> 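I have a structure here, written as structure tokens, and I will follow up with some questions on it.
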Amino acid sequence: MTGKEFRNLAGRAGFWVLILIILFYVLFPFYWALVTSAKSESELFDRAEMLPSEPTGRNYQPLLCFDDDNFVANTITSVLDCTVEDAETGEEVQVPFNDGFFTGLQNSALVSFISVAIALVTGSFAAYALGRIDFPGRTMMLYAILAMTMFPQISILSGLFNIVSDVGAFGSVNSLILTYPLLTLPFTVWTLTSFFQGLPGEIEQAALVDGATAFQTFWMILLPLTAPALVTTGLLAFIAAWNEYLFALTFTTVNPEAKTVTVAIAQFSGSVARQEPIAEIMAASIVVTIPLLLLVLVFQSRITAGLTAGAVKG
Amino acid sequence: MADGGGQVEEREFLDTSPVNYVSALFIILGVVAFLFLISLITSNESFQAAFEDNLFYQADNLPDGLEIDPSNGLISGEIDAEPGTYRVTVNVSRFGAEQGLEFPFTSFNWIVAEDEANAQVVDAGSGQFVEVNSVSITNPGDQGNVIGENVLLQVDANDGRGAQFGSIFLSFLQNFGIVIPSLILGVGIYCIRMGIKLYRRNLITALWARQLMMWLFIAGAVLMIDGFLSGGENSGGLILAVAPWAFFTGVAWFTMQWLGKNEHLFVGAESITSRQTRTAWNLLVPSIIILILVALQPLEQTFIASLTNERFASSQEIEFVGLDNYTQLLGIRLDTFPCYDDPNAPDCGGEDDVESPRRYYRNTIENYTEWGYRPLNEFSILGADYVLSARDTDFIDSIGNTMLFSVLSVSAELVLGLFIAMVVSSNFSGRGLMRTAMLVPWAIPTVVSARLWEVILRDNQSGILNVALLNTGLIDSSQSWLTNPDLQIISMVFVDVWKTTPFMALLLLAGLGTIPSDVYEAADVDGASKVRQFFSMTLPLLRPTIAVALVFRTLDAVRVFDVFQVLLGGSRFSMASYNYEVLVQRQEFGYASAVGVVIFVIILLFTVGYVRLLGVENN
């Protein structure tokens, strides 16, 4: 083994140690949520152990056991054993399905997708203007858009409430579609603006020389080049909308059908009175996090596939 | 020859050109905008109410000899009682006009003058007239000497404040704000200016006019359609107010379309810059609509409310208090307390004698505690002792907490995020999974992650962090991560860094992706070391991305709420959780809005600093 080979090997080993450290750091609390979710009520306050002594799927039952006869439902039933002993009769009965949680998942998905679509479309338009065109009023617009999120959410809540009731959206998911641009748009605009600024000017000039209009240049040439930024901001905006709590709690409080999943989780009531059902909350958090992770897994390969693909030659 | 003839022909044509009509149309449009604003203001009932002074007092069952003046509520007359001060024991309630809530009141002072009972029933607390259900008048010196019982006094007025400039101004702000009227006014002035410029055949003006009309027409049409569809109470008024606007902008827009085919009627040519500027504003329109529709009013109302003493669930009159909320929030002062003056306190500021310096210290600040200052911190520099005091010590504390938290967590996140982004951006198998795993903390809902950390940080044997650290021998005894004041901020930073580093890392990862790889190839050829490449190439090229990431992380850190609220539960505040406390527990909407504005200003300062330092602004 030559010196150089050893250095390479040591470097690679060191690299994988780094990866492991990062993985441990980001994943351990998640693992702990998983461990907590697999504990029974009594075990929650016992001495902390790395593995639950008797892992139970009980906390997942109300979240996943839908009473239906199809492949998914049957698989879940076979894994989780969706029955529970009735306290009075002692008979095995089907676990009651938590409808609110499921409705919440659907609402969150709907609201998040629409919010991201709005943010990306309007945001990329604005960002092209702010990033590629130098016009009077540009700096003012950048700050005006950022100002949308510069107040703490709680201070603008009453003002937003007035708007939401004025347009008649109070108590429906429309209220969230209306207000979530406050969270997603400024971030989208600023990020995309900085990415548009980073693109080399030659591309655009070439397009303009070839007779393309400014809008064509933007839509057909520059936008595809910012795909990594679009994916990144889209993912971050999606997660922000999916995890939002305060607006959802305030604007959908009157209508259980419009609750999002975070509100549904926060309103879990435990089987034991006045005690927070922490294990069930952890189980729910795992269930809501997994769709997000799948989404990231699908889109992550696009994150760094931009200019490196050879947009500019020489 | 032919050219000259053409010019003459054109000039002749210009004199009777349709452009003149278009320019007249624009001037009319400007006037319509003014009329629209006026109709908007005059048709608003709640604003009109501010002008009215329809107080009407009525008292039933008054004691013999007393009368009430219906216009001002003055009760006068002669009663069979000794002159002196009488107490009116009241059992009254006041009704909030809209909420229908009851607020109990305790007592009012009714002063009977020498020879006549001459009084107004005034709420001793707020000094405003109230609706009184029943009044019994007794002499406090002689229990049971009841002068009148169950007097029913009614104030029939909307709020009883009458027409005053302050209240009219405030009512205007609350009903319309500043920005919307200014916008309409601005559009009006702009239209008239355009009319004049069009008359001079200015091509660039014409092109801008066409674009403005298109958007105004679309906005008017949408408002009209919305008015028809919703069919609510106010829709008739809205449609009437919008109709002329939509009509004239529509006509103007279609006229300007004609212009597109007749550019030769105008003078001048459009430069590329001007055309690009128009494109820019066109592209910004969707964002501007969202800005005006969703963000403008709440932000503006927060500013306005911060200048008032508004409270929730209270029918107390809202008054314009200027900057009082801010002086209360931010009032701090630094005083010295000279020890040598006090013979009883030789150890002033020292540690072994706590009692006497305290006493002396109280004497020192006696004169300003009257102004509402309370000591916050005592320290000595170069032998002199100082005391820092504030009017709202909780808030000044929360500023300190938040700033410390923000600086620590954002800088840790930047370093850690950059590190993770660099590692993950390199090519290795399992990269996709790694990137997904990296985002796990960010993906867990904030509502849940705070609870999760509460479980991890428990100070008993079920807290895994304490157990793990004890087992490895890093600490000797279990730490109270969330209740020990020395550890609280560190714990908050730790939790926040874990939660939000993925955000930073993902943004920086995308930023790294836009750096063309040939830059590095060139550097490799030149023999630059990797470390040197990082500092002299990666960092500078990543600067705009870092700036944006820092702006948004700082924005979130300064507004931090969930972790402080859930994990510290009011034992220590961040600015936003103090805001929540003031708003929800104390219900002081005006004061809480001022807190919001202070947070806003701090974030703005940070943002401008980042932008200036790292330059996202410059192309």
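Source: prediction; values computed, not measured. Order of the sequence lines fixes the chain letters, A, B, ..., with proteins taken first and strands second; residue numbering starts at 1 for each chain. Heavy atoms only: backbone and side chains are in, while hydrogens, waters and symmetry mates are out.
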> Need one label for A:I265: side chain, backbone, both or neither, based on atoms under 4.5 Å from any heavy atom in chain B.
side chain

> Side chains of A:F151 and B:F303: does their closest heavy-atom pair fall under 4.5 Å?
yes

> Considering only heavy atoms, which portion of A:M141 lies under 4.5 Å from any heavy atom of chain B: side chain, backbone, both, or neither?
side chain

> Under a 4.5 Å heavy-atom cut-off, does chain A meet the side chain of B:L604, its backbone, both or neither?
both

> Output the distance between atom CD (A:Q300) and atom CG (B:L509), rounded to the nearest 0.5 Å.
9.0 Å

> Just wondering, more than 12 heavy atoms not from B:F503 lying within 6.0 Å of its CZ?
yes

> With only heavy atoms counted, which part of A:L18 is less than 4.5 Å from chain B, the side chain, the backbone, both or neither?
side chain

> Distance check, rounded to the nearest 0.5 Å: B:T279 atom OG1 versus A:R132 atom CZ?
14.0 Å

> Working note: A:F125 + B:S287, criterion side chain to side chain contact (heavy atoms under 4.5 Å, CB included); need CA distance, chi angles, decisive distance, verdict.
CA-CA 8 Å; A:F125 283 7; B:S287 297; over 6 Å; no

> Test side chain to side chain contact (heavy atoms under 4.5 Å, CB included) on A:F135 and B:L284 and set out the steps.
CA-CA 12 Å; A:F135 60 97; B:L284 279 169; 3.6 Å; yes

> When the ring centroid of A:Y245 is compared with that of B:F561, is the distance short of 6.0 Å?
no

> Please state whether the side chain, the backbone, both or neither of A:F187 comes within less than 4.5 Å of a heavy atom of chain B.
both

> Is there a side-chain contact between B:Y580 and A:P152, using heavy atoms and a 4.5 Å cut-off?
no

> Do you know which two heavy atoms are closest between B:S429 and A:W16, and how far apart they sit?
O-CH2, 3.6 Å

> Taking side chain as everything from C-beta outward and backbone as N, CA, C, O, which of these in B:V601 sits under 4.5 Å from a heavy atom of chain A? Side chain, backbone, both or neither.
neither

> Pick from B:I290, B:I289, B:L291: which one makes a side chain to side chain contact (heavy atoms under 4.5 Å, CB included) with A:P181?
B:I290

> Which heavy atom of A:G159 sits nearest to which heavy atom of B:P298, and what is that distance?
C-CG, 3.8 Å

> Given the options A:I281, A:N243, A:I286, A:V261, which has more heavy-atom pairs under 4.5 Å with chain B than any of the others?
A:N243

> Heavy atoms only, distances under 4.5 angstrom: which of A:A126, A:S285, A:P29 has the most pairs with chain B? Name it, please.
A:P29

> Measure distances from A:A144 to the heavy atoms of chain B and classify the residue's part below 4.5 Å as side chain, backbone, both or neither.
both

> Before you tell me yes or no, could you show the steps for B:R559 and A:M150 under side chain to side chain contact (heavy atoms under 4.5 Å, CB included), namely the whole-Å CA-CA distance, both residues' side-chain angles and the distance that decides it to 0.1 Å?
CA-CA 8 Å; B:R559 296 184 309 161; A:M150 274 164 35; over 6 Å; no

> Examine whether an atom of A:L292 lies under 4.5 Å from a heavy atom of chain B, and if so say whether it belongs to the side chain, the backbone or both; otherwise answer neither.
side chain

> Within a reach of under 6.0 Å around CZ of A:F30, are more than 12 heavy atoms found that belong to other residues, nucleotides or ligands?
yes

> Name the option with the most non-hydrogen atom pairs under 4.5 Å to chain A; the candidates are B:E300, B:R451, B:K499.
B:R451

> Taking side chain as everything from C-beta outward and backbone as N, CA, C, O, which of these in B:L465 sits under 4.5 Å from a heavy atom of chain A? Side chain, backbone, both or neither.
neither

> Go through B:D556, B:T607, B:L541 and name the one with the most non-hydrogen pairs under 4.5 angstrom from chain A.
B:T607

> For B:Q301, which atoms come within 4.5 Å of any heavy atom of chain A: side chain, backbone, both, or neither?
neither

> Under a 4.5 Å heavy-atom cut-off, does chain A meet the side chain of B:V598, its backbone, both or neither?
neither

> What part of A:S124 is in contact with chain B, defined as an atom under 4.5 angstrom from a non-hydrogen atom: side chain, backbone, both or neither?
neither

> Could you measure the distance from the CG atom of B:L452 to the CD1 atom of A:I278? Nearest 0.5 Å is fine.
8.0 Å

> Please give me the minimum heavy-atom distance between B:T277 and A:I133, naming the atom from each residue.
N-CG2, 4.4 Å

> In terms of heavy-atom pairs under 4.5 Å, which option from B:V294, B:I420, B:I603, B:T501 contacts chain A the most?
B:V294

> Could you have a look at A:L146, A:V35, A:I145, A:V121 and say which one has the most heavy-atom pairs with chain B under 4.5 angstrom?
A:L146

> With a 4.5 angstrom heavy-atom cut-off, which part of B:L555 approaches chain A: side chain, backbone, both or neither?
side chain

> Roughly how far apart are B:I464 CD1 and A:T36 OG1, rounded to 0.5 Å?
9.0 Å

> Might you point out which heavy atoms bring A:I239 and B:A443 nearest each other, and give the distance in Å?
CG2-CA, 4.0 Å

> Which of the residues A:L182, A:L236, A:L160 is involved in the greatest number of heavy-atom pairs with chain B at under 4.5 angstrom?
A:L236

> State the CG-OG1 distance between B:L507 and A:T233, to the nearest 0.5 angstrom.
8.5 Å

> Given side chains that start at C-beta, do those of A:T193 and B:V548 come closer than 4.5 Å, heavy atoms only?
no

> Could you tell me which portion of A:I118 (side chain, backbone, both or neither) has an atom closer than 4.5 angstrom to a non-hydrogen atom of chain B?
side chain

> Is B:R458 close to chain A through its backbone or its side chain, or both, or neither, when contacts mean heavy atoms under 4.5 Å?
side chain

> Check each atom of B:V447 against the heavy atoms of chain A and say whether the ones under 4.5 Å are side chain, backbone, both or neither.
side chain

> For the CD1 atom of B:I444 and the OG1 atom of A:T289, what is their distance to the nearest 0.5 Å?
5.0 Å

> Would you mind checking which part of A:A147 comes under 4.5 Å of any heavy atom in chain B, side chain (CB onward), backbone (N, CA, C, O), both or neither?
both

> Which of the residues A:F218, A:Y128, A:F238, A:F195 is involved in the greatest number of heavy-atom pairs with chain B at under 4.5 angstrom?
A:F195

> For A:S155 and B:T302, which heavy atoms make the closest approach, and how far apart are they?
O-OG1, 3.6 Å

> Does B:R435 form a side chain to side chain contact (heavy atoms under 4.5 Å, CB included) with A:V296? I'd like the steps, not just the answer.
CA-CA 8 Å; B:R435 285 178 183 171; A:V296 177; 5.6 Å; no

> Relative to chain A, which of B:A576, B:G432, B:P441 shows the most heavy atom pairs under 4.5 Å?
B:G432

> Is A:L297 in contact with chain B via its backbone, its side chain, both, or neither, using a 4.5 Å heavy-atom distance?
both

> Against chain A, label B:V560 side chain, backbone, both or neither, depending on which of its atoms sit under 4.5 Å from a heavy atom there.
neither

> Provide the closest heavy-atom pair for A:I19 versus B:M434 in the form atom of the first, atom of the second, distance.
CG2-SD, 3.7 Å

> Of all of A:T149, A:L23, A:V288, A:L295, which one pairs up most often with chain B through heavy atoms under 4.5 Å apart?
A:T149

> So for A:F15, is it side chain, backbone, both, or neither that comes closer than 4.5 Å to the heavy atoms of chain B?
side chain

> Please classify the contact of A:F28 with chain B as side chain, backbone, both or neither, using a heavy-atom distance under 4.5 Å.
side chain

> What part of A:L185 gets closer than 4.5 Å to chain B, counting heavy atoms only: side chain, backbone, both or neither?
side chain

